[in-house]
Number of protein chains: 2
Amino acid sequence: MTKHATARPRSGAGIDVGVITTIALDLFNDSGYDGTSMEQIASRLGVTKAAIYYHVPGGKEEILHHAIRRVMDPLWLSLQEPPAVDGTAFERLTHVLGRQVELILHGMPAIAYFLHPKAHHPLSSEVRARRRSYDGAVQSVLDAAIAEGAIRRDVDARLMLRLVVGMIYSMNEWYQPDGRLTVDEIRDGVLDLLLTGVTRRSTPS
Amino acid sequence: MTKHATARPRSGAGIDVGVITTIALDLFNDSGYDGTSMEQIASRLGVTKAAIYYHVPGGKEEILHHAIRRVMDPLWLSLQEPPAVDGTAFERLTHVLGRQVELILHGMPAIAYFLHPKAHHPLSSEVRARRRSYDGAVQSVLDAAIAEGAIRRDVDARLMLRLVVGMIYSMNEWYQPDGRLTVDEIRDGVLDLLLTGVTRRSTPS
DNA sequence: CTCTCCTTACCGACTGGTCAGTAAAATCTA
DNA sequence: TAGATTTTACTGACCAGTCGGTAAGGAGAG
């Protein structure tokens with residue numbers, strides 16, 4: 001009567017790996033990978049821990065693998081969108097950074113955990129590698145924008161990139177979907193701040 | 001001769017709580033609070049796990065408490081330094097942010113872990129409370145600088161603060177003391193970038 | 001009868017923490 | 001100064017609890 005007498009009826013369906021990934025991602029984001037137990041994931045799915053191993057033989061690490069792909073792939077795809085490959089380097093840069101803000105804000109609440117390059121969980125090398133090559137792509141756009149003359153030369157380019165993406169990723173620490181500001185407002189504010197700084201422009205509008 | 005055959009000689013000595021804190025801070029920063037075991041801490045100290053409980057009866061949580069104080073106190077103290085209370089709001093702001101950069105860079109490699117407001121370890125409410133009031137103090141300086149006319153009004157002040165401190169805190173993810181750039185260079189770069197943005201100034205030098 | 005999908009029941013490893021016991025140093029005593 | 005006693009600082013064994021993971025078997029569908 002308790003709903004899990006012995007086995008489950010229902011037809012061919014079964015637990016979808018995508019659903020497992022979604023739930024795991026949510027829990028990872030709240031409590032971290034190590035802080036999330038397979039039992040918690042199973043509990044949210046409404047099944048027993050062992051049932052997960054039927055669909056995900058690789059266990060927790062395989063779930064992490066799925067979660068990483070889920071999180072990182074859209075970031076990669078954003079690099080191939082037309083505005084990310086056409087136009088001036090400056091235009092491409094603003095597009096890529098803007099998409100980065102959007103992707104982090106809505107859509108996936110779980111980016112933060114994986115992008116923290118410290119900590120040595122399993123697969124962390126994969127995460128690091130993926131992020132490194134993504135950051136490398138963004139760096140080359142930034143470099144092009146500097147060569148183009150749109151971006152200042154007097155601050156180290158690598159430092160600049162790290163600070164810029166650091167600011168963007170840090171939004172994960174406070175953003176809540178039901179907050180005061182909309183995603184668009186935040187994105188515009190971030191880009192504006194990054195481009196022109198916090199000081200009041202000497203030329204009045 | 002291994003120095004810890006059975007018991008330790010010399011009185012007064014013993015394991016210093018400060019040393020325990022330093023080691024724990026380092027491990028916490030690498031693997032997180034939950035990811036660090038008492039045995040790891042003990043191992044680095046060259047003693048048994050139980051020995052730690054002699055000096056720190058409160059166990060792991062008490063060590064965390066010490067670590068939090070170690071990390072947060074200098075940040076607090078920086079708010080009381082003369083340049084943080086005298087001068088224009090803009091000057092105070094740049095001083096406070098510059099000190100923040102310095103404190104995060106050299107001195108303590110372990111700030112990052114505690115400043116991540118997610119995750120629910122014990123004492124996390126204390127961490128959050130401390131950070132909230134520190135951030136609140138910085139926010140009021142920023143607000144004053146806006147009222148003063150030195151900082152732009154067209155970007156939400158709370159968003160601005162979060163982005164600014166987010167950028168600064170994010171340095172923990174990549175900074176290494178033996179890197180290419182010196183602390184001073186980084187601090188100047190960060191402040192410059194925050195104040196005037198990444199775009200090239202229209203007025204050439 | 002078989003195949004899919006799940007549950008029950010369990011294992012070994014590891015966690016934070018406790019406890020009795022002990023060598024050496026400090027202090028007290030004569 | 002020599003001996004007795006107490007304190008300091010620690011060890012090794014151990015506990016209850018939790019973890020990821022596995023083996024075996026049962027219920028329902030075709």
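Labels below follow one simple rule: chain letters A, B, ... track the order of the sequence lines, proteins then strands, and each chain is numbered from 1. All values below come from the heavy atoms of this structure, side chains included, with hydrogens, waters and symmetry mates left out.
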What nitrogen or oxygen pairs link the protein and nucleotides 17-22 of chain D at under 3.5 Å?
| from | atom 1 | to | atom 2 | distance (Å) |
| --- | --- | --- | --- | --- |
| D/dG20 | OP1 | A/T36 | O | 3.1 |
| D/dG20 | OP1 | A/K60 | NZ | 2.6 |
| D/dG20 | OP2 | A/M38 | N | 2.9 |
| D/dG20 | N7 | A/K49 | NZ | 3.1 |
| D/dG21 | OP2 | A/Y53 | OH | 2.8 |
| D/dG21 | OP2 | A/K60 | N | 2.9 |
| D/dG21 | O5' | A/Y53 | OH | 3.4 |
| D/dG21 | N7 | A/K49 | NZ | 3.2 |
| D/dG21 | O6 | A/K49 | NZ | 2.5 |

Could you tell me the separation between the CD1 atom of A/I41 and the P atom of C/dC6, rounded to a whole number of Å?
16 Å
Taking salt bridge (Lys or Arg N to Asp or Glu O under 4.0 Å) as the definition, give me every residue that meets it alongside B/E81, ordered by chain and number, with sequence neighbours left out.
B/R99
Any ion pair linking A/D192 and B/R152 (charged N to carboxylate O, less than 4.0 Å)?
yes
Euclidean distance, atom CG of residue B/L45 to atom P of D/dC10 [Å, nearest integer]
9 Å
Quick check on C/dT4: is either OP1 or OP2 less than 4.0 Å from any side-chain nitrogen or oxygen of A/H55?
no
Return a table of donor-acceptor pairs under 3.5 angstrom between the side chains of residues 71-80 of chain B and protein atoms on other chains or two or more places apart.
| from | atom 1 | to | atom 2 | distance (Å) |
| --- | --- | --- | --- | --- |
| B/D73 | OD1 | B/R130 | NH1 | 3.2 |
| B/D73 | OD2 | B/R69 | NH2 | 3.3 |
| B/S78 | OG | B/L75 | O | 2.6 |

Side-chain polar contacts of residues 44-53 of chain A - donor-acceptor pairs under 3.5 angstrom, sequence neighbours left out - could you list them?
| from | atom 1 | to | atom 2 | distance (Å) |
| --- | --- | --- | --- | --- |
| A/R44 | NH1 | A/D26 | OD2 | 2.9 |

Hey, which of these two, A/Y54 or A/A51, hits DNA chain C nearer its 5' end, going by closest nucleotide?
A/Y54
Go through the structure and list residues passing salt bridge (Lys or Arg N to Asp or Glu O under 4.0 Å) with A/R187, not counting sequence neighbours.
A/E102, A/D184
Residue pairs passing the side-chain hydrogen bond (donor to acceptor under 3.5 Å, both in side chains) test with at least one member in residues 155-166 of chain A, sequence neighbours excluded, are A/D156-B/R180
